[in-house]
Peer 1: 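Attaching a single structure in structure tokens format; questions to follow.
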Amino acid sequence: MHDEWLTSRIAYLRGLKSPNDQQRLLLLLAEKPERTSDDNRKLSALLKAEKAAERAQKARANAARIVNAEKAAERKARDRELYQSAGLLILAGLVDSGTGSPTLDRGELLGALLGLSKVATDDPRRADWKRAGDTLLAERARK
């Protein structure tokens, strides 16, 4: 097992464009035909350091995968919300489902949405709009 790791690691280090000083010395000592006890001691220390560096590299890669997965999940959730919002505009007939273009003038549509955002939360029209919207969504869910 140790020899397999060393053989594969040496092959990896040889393939590096610019190995660091520690890796260059490890290559020299590993390939040295007759090593002294001092050379063996140095080689052993360098091997421990190289194994630790490899473990650290794997740990960094795993951490990066976790972070990227979290970002991807957040992006996916945000995209889903945006698609659902677009779907509501399509259900209301404000956006053409085939082309994705607004059925009204863009300025007119934005102005209407701005007006809606300014209506007070306790305005009775909001309750009417909610009832009508919930009814349409329930009909769509039954289909």
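Numbers here simply count residues along the sequence, with the first being 1.
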Peer 1: Run the salt-bridge test on Arg125 and Asp128 with the 4.0 Å N-O cut-off and return the result as yes or no.
Peer 2: no
Peer 1: About how many Å separate CD of Glu74 and CD of Glu70, when rounded to the nearest 0.5 Å?
Peer 2: 6.5 Å
Peer 1: Quick one: CG on Asp134 to CH2 on Trp129, what's the gap to the nearest 0.5 Å?
Peer 2: 14.5 Å
Peer 1: If you measure from NZ on Lys42 to CZ on Arg35, what distance do you get to the nearest 0.5 Å?
Peer 2: 12.5 Å
Peer 1: Run Gln22 and Leu26 through side chain to side chain contact (heavy atoms under 4.5 Å, CB included) and show every step you take.
Peer 2: CA-CA 6 Å; Gln22 176 181 313; Leu26 190 146; 5.8 Å; no
Peer 1: Any salt bridge (charged side-chain N to carboxylate O under 4.0 Å, His left out) pairs touching residues 13-23, not counting sequence neighbours?
Peer 2: Arg14-Glu31, Asp21-Arg24
Peer 1: State whether Asp38 and Arg41 are salt-bridged, where the test is any N-O pair (Lys NZ or Arg NE/NH1/NH2 against Asp/Glu carboxylate O) under 4.0 Å.
Peer 2: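 Salt bridge flag = yes for Arg41 with Asp38.
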Peer 1: Would you check if Leu110 and Arg106 make a side-chain contact, meaning some heavy-atom pair closer than 4.5 Å?
Peer 2: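 With C-beta onward as the side chain, the pair stays apart.
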Peer 1: Would you say Gln23's side chain and Asn20's backbone share a donor-acceptor pair under 3.5 angstrom?
Peer 2: yes
Peer 1: Apply the test side chain to side chain contact (heavy atoms under 4.5 Å, CB included) to residues Gln57 and Arg60: give CA-CA distance (whole Å), side-chain angles for both, the deciding distance (0.1 Å), then the verdict.
Peer 2: CA-CA 5 Å; Gln57 183 180 13; Arg60 280 191 299 275; 3.8 Å; yes
Peer 1: Before you tell me yes or no, could you show the steps for Glu50 and Leu13 under side chain to side chain contact (heavy atoms under 4.5 Å, CB included), namely the whole-Å CA-CA distance, both residues' side-chain angles and the distance that decides it to 0.1 Å?
Peer 2: CA-CA 10 Å; Glu50 191 62 27; Leu13 293 176; 3.7 Å; yes
Peer 1: Hey, are the side chains of Leu43 and Lys32 touching, using non-hydrogen atoms and a 4.5 Å cut-off?
Peer 2: no
Peer 1: Just list the side-chain donor-acceptor pairs under 3.5 Å for residues 84-96, sequence neighbours left out, or say none.
Peer 2:
| unit_1 | atom_1 | unit_2 | atom_2 | d |
| --- | --- | --- | --- | --- |
| Ser85 | OG | Glu81 | O | 3.0 |
| Asp96 | OD1 | Gly98 | N | 2.9 |
| Asp96 | OD1 | Thr99 | N | 2.7 |
| Asp96 | OD1 | Thr99 | OG1 | 3.2 |

Peer 1: Can you tell me if Asp39 uses its side chain to pair, donor with acceptor, with the backbone of Thr36 under 3.5 Å?
Peer 2: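 Flag set: sc Asp39 to bb Thr36 pair under 3.5 Å.
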